[in-house]
Amino acid sequence: MNGKLRNYLMALVAIVLVGALGYWNVRPESFMEKKAAAEAENAIDFYVIGATTRQFQEDGKLRYEMTAAKVEHIKATDVTLLDKPDLQLYRGTQYPWHVRSDKGEVAPEGKQVELIDNVRIARTDAKNRPTVITSSRVTVFPDEEYAQTQQAVRIEAANGVTTAQGMKAYMNDGKIDLLSNVRGQHEVR
């Protein structure tokens, strides 16, 4: 009986091992195929170091000028990654909006630009009064000349400082809607 029990146990162990191998069989080529597919999805098809681009309006006036330390284009998604983007948005006027951040992501066809980390939007008006808007993340819609965020915002103007949670900025009109938790400290002159 001892020999039968031993044979039975050895057969049971063999069946468990075969089942386990079948269950946990990880084919190296399937892992490599998945890794290669993930890399292809994020593959950069071109990049530019020290990029500068300018766009002019139909009347020949400068619409904007943008520089970036590095620009990378992801082929699969048509998203463009920006390192240290710096934009002067003239819109044909002599008082441009100066927009910059640490990083940026441009959606396909440039319809939307996500500015990420240390976002700073500044402008000095005709009376030489500065306005500086800072946030951690801002989405810009260039064609509409509109920007928005749900993040904390700080606005420093000639007569004080305002903070809020979230903002909608209409660059054409110079109008800013603050969404919630608005706090201000203003100096009356």
_Taking Gly184's backbone N and O only, do any of them form a donor-acceptor pair with Thr162's side chain (distance below 3.5 Å, no angle check)?_
no
_Please check: side-chain N/O of Ser101 versus main-chain N/O of Asn118, any donor-acceptor pairing under 3.5 Å?_
no
*Specify the closest pair of heavy atoms between Ser135 and Ala152, including all atoms of both residues, with the distance to one decimal.*
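Taking every non-hydrogen atom into account, OG-O, 2.8 Å.
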*asked:* Quick check: closest heavy atoms across Val132 and Ala122, and the distance to 0.1 Å?
replied: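 Minimum heavy-atom contact is CG2-CB, 4.1 Å.
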*Does CG belonging to Asp45 count more than 12 external heavy atoms closer than 6.0 Å?*
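Enclosed.
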*So which of Val99, Thr53, Leu115 actually passes side chain to side chain contact (heavy atoms under 4.5 Å, CB included) with Leu87?*
Val99
*Candidates Ile116, Thr67, Val106 - the one meeting side chain to side chain contact (heavy atoms under 4.5 Å, CB included) with Leu82*: Val106
*Within one Ile-Leu-Val-Met-Phe-Trp-Tyr cluster: Val161 and Val182, side-chain cutoff 4.5 Å*: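 In one cluster with Val161: Val182, no.
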_ILVMFWY cluster, Val153 and Phe141 together (side-chain gap under 4.5 Å)_ = no
*side-chain contact (heavy atoms from CB on, under 4.5 Å) between Ile133 and Ile176, worked out*: CA-CA 10 Å; Ile133 304 168; Ile176 299 172; 3.4 Å; yes
Between atom [atom1] of [X] and atom [atom2] of [Y], what is the distance when rounded to the nearest 0.5 Å?
X: Ile121; Y: Arg100; atom1: CD1; atom2: CZ; result: 11.5 Å
X: Leu62; Y: Gln88; atom1: CG; atom2: CD; result: 9.0 Å
X: Arg123; Y: Leu89; atom1: CZ; atom2: CG; result: 10.0 Å
X: Glu105; Y: Leu81; atom1: CD; atom2: CG; result: 5.5 Å
X: Asn159; Y: Gln185; atom1: CG; atom2: CD; result: 11.0 Å

[X]: what forms a side chain to side chain donor-acceptor pair (under 3.5 Å) with it, not counting sequence neighbours?
X: Arg183; result: none
X: Tyr146; result: Gln148
X: Gln112; result: none
X: Gln55; result: Arg63

Sorted by first residue and then second, give each ring-ring contact (aromatic ring centres under 6.0 Å, His included) pair with at least one member in [range]; sequence neighbours left out.
range: residues 97-119; result: none
range: residues 115-140; result: none
range: residues 53-86; result: Phe46-His73

*asked:* Starting from Tyr95 and following side-chain heavy-atom contacts under 4.5 Å between hydrophobic residues (I, L, V, M, F, W, Y), which residues can be reached?
replied: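 Tyr95 clusters with nothing; isolated.
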*How about Gln150 and Leu179: do any of their side-chain heavy atoms sit closer than 4.5 Å?*
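Yes, their side chains come closer than 4.5 Å.
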_Pairwise side-chain contact, Val119 with Thr134, heavy-atom cut-off 4.5 Å (strictly under)_ = no
*All pairs passing salt bridge (charged side-chain N to carboxylate O under 4.0 Å, His left out) where residues 109-121 contributes a residue, at least two apart*: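 Qualifying pairs: Lys103-Asp117, Lys111-Asp143, Glu114-Arg137.
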Those residues that, when tested against [X], pass salt bridge (charged side-chain N to carboxylate O under 4.0 Å, His left out) (two or more places apart):
X: Asp102; answer: Lys84
X: Asp125; answer: Arg129
X: Glu144; answer: none

*Would Asp177 and Tyr170 satisfy side-chain contact (heavy atoms from CB on, under 4.5 Å), going step by step from the backbone distance to the final call?*
CA-CA 8 Å; Asp177 292 338; Tyr170 304 88; 3.5 Å; yes
